[in-house]
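The residues of the chain are indexed from 1 along the displayed sequence. Because only heavy atoms are used, hydrogens play no part in the values below, and waters and symmetry mates are left out as well, while side chains stay in.
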Amino acid sequence: MAKFAAESPRLLLQPLSLDHLEDFHAIMTDATGLKFSTRKPSPNINDTKSLLQKWTPSPEKPWIDNYAIVLRSNNNDEEKVKMIGTVGTVRVPQGLENAVEVAYGIHSDFWGQGYASEAMGMFVALYCADGREILQGKKRLVAKIDPENPASERVVQKAGFEKGETVDGGYSRGGDEAGRDKSEYIWWVLKRS
């Protein structure tokens with residue numbers, strides 16, 4: 001596996017790769033964890049593998065920059081680490097060509113412990129680091145947040161994002177059992193200096 005891009009006392013960020021497929025599949029089949037996602041739980045490992053490959057950088061999508069959120073073992077044995085989520089850039093939003101959308105998620109077994117906020121802070125530090133040419137001039141990070149998900153709003157607020165435009169329509173919760181449409185989502189914006 002690749003080296004770690006960022007470290008904290010509890011977490012490691014590692015470039016997302018096919019080496020993470022098994023843990024990534026566990027995350028992408030967690031219906032509770034995907035409740036506010038646009039994705040439905042993955043029906044099989046091949047679907048998960050396809051998504052994982054889509055989230056890997058390529059010459060056509062150099063702004064893709066995704067990381068496995070890895071929980072350190074208690075005894076600092078790096079051989080016994082567990083991937084608990086992902087964080088990174090997934091797309092250039094339509095109509096926001098000067099921005100790149102950040103997405104993140106934690107398996108629901110690990111919710112409520114501050115891991116998403118910690119990982120987002122680590123990712124923002126990487127994104128804002130000097131010499132980062134991978135994002136090719138993208139000046140803003142944006143996050144699409146469901147207004148019924150206050151925990152996710154707190155994650156981006158702690159990382160320095162500001163509440164932006166509310167957009168009506170077009171958002172459908174993939175992880176919602178009823179699959180109901182949402183009438184709105186809110187863009188949260190982190191401006192890059």
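- To the nearest 0.5 angstrom, L51 atom CG is 11.0 Å from I27 atom CD1.
- Using a 4.5 Å heavy-atom cutoff, the side chains of L141 and F123 are in contact.
- Contact between V87 and A119 at its shortest, heavy atoms only, is CG1-O, 4.3 Å.
- We find the OG-CD1 distance between S50 and I45 to be 12.0 Å, quoted to the nearest 0.5 Å.
- Minimum heavy-atom separation, S8 to R72: O-NE, 2.7 Å.
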request  = Could you go through the side chain to side chain contact (heavy atoms under 4.5 Å, CB included) check for R91 and V100 one step at a time?
outcome  = CA-CA 6 Å; R91 71 183 61 85; V100 66; over 6 Å; no

inquiry  = Is there a side chain to side chain contact (heavy atoms under 4.5 Å, CB included) between L18 and Q53? Walk through the geometry before answering.
reply    = CA-CA 7 Å; L18 286 175; Q53 290 169 325; 4.0 Å; yes

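- The CD atom of E153 lies 13.0 Å from the NZ atom of K158; values are rounded to the nearest 0.5 Å.
- Inspection of the D30 and S108 side chains reveals an N or O donor paired with an N or O acceptor under 3.5 Å.
- Residues K144 and E101 approach most closely at CB-OE2, 3.7 Å, considering heavy atoms.
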inquiry  = Using side chain to side chain contact (heavy atoms under 4.5 Å, CB included), reason through I186 and E165 one step at a time and then give a plain yes or no.
reply    = CA-CA 6 Å; I186 300 169; E165 177 184 6; over 6 Å; no

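- We find the OG1-CG distance between T48 and D23 to be 12.0 Å, quoted to the nearest 0.5 Å.
- By the 4.5 Å heavy-atom criterion applied to side chains, L12 and Y67 are not counted as neighbours.
- Between I106 and I69, the shortest heavy-atom distance links the atoms CD1-CD1, 3.7 Å.
- Heavy atoms only, all atoms of each residue included: M120 and A159 are closest at CG-CB, 3.5 Å.
- Remark: the backbone N or O of H25 is paired with a side-chain donor or acceptor of T29 at under 3.5 angstrom.
- For D47 and K40, the salt-bridge test fails: no basic side-chain N is under 4.0 Å from an acidic carboxylate O.
- If you check the side chains of Y104 and S152, you find a donor sitting under 3.5 Å from an acceptor.
- Put simply, the side chain of R140 does not reach to within 4.5 Å of the side chain of L190, judged on heavy atoms.
- A distance of 11.5 Å separates CG of L21 from CE of M28, quoted to the nearest 0.5 Å.
- Taking both residues in full, the closest heavy atoms of P41 and L34 are given as CA-CD1, 3.5 Å, listed atom of the first, atom of the second, then distance.
- Distance check, rounded to the nearest 0.5 Å: CE of M83 to NE2 of H107 gives 11.0 Å.
- At least one side-chain heavy atom of I145 sits under 4.5 Å from a side-chain heavy atom of V156.
- Using a 4.5 Å heavy-atom cutoff, the side chains of Q113 and L71 are not in contact.
- Judged purely by atom type and a 3.5 angstrom limit, T56 uses its side chain to pair as donor or acceptor with the backbone of L52.
- When side chains are defined from C-beta on, F161 counts as touching V102, because their heavy atoms get closer than 4.5 Å.
- Side-chain contact check for V142 versus W187: some heavy-atom pair is nearer than 4.5 Å.
- With contacts defined as side-chain heavy-atom distances shorter than 4.5 Å, the pair F24/K49 does not qualify.
- Donor-acceptor pairing under 3.5 Å is lacking for the side chains of T86 and N66.
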task = Walk me through it: do W55 and L16 pass the test side chain to side chain contact (heavy atoms under 4.5 Å, CB included)?
result = CA-CA 8 Å; W55 282 5; L16 194 59; 4.1 Å; yes

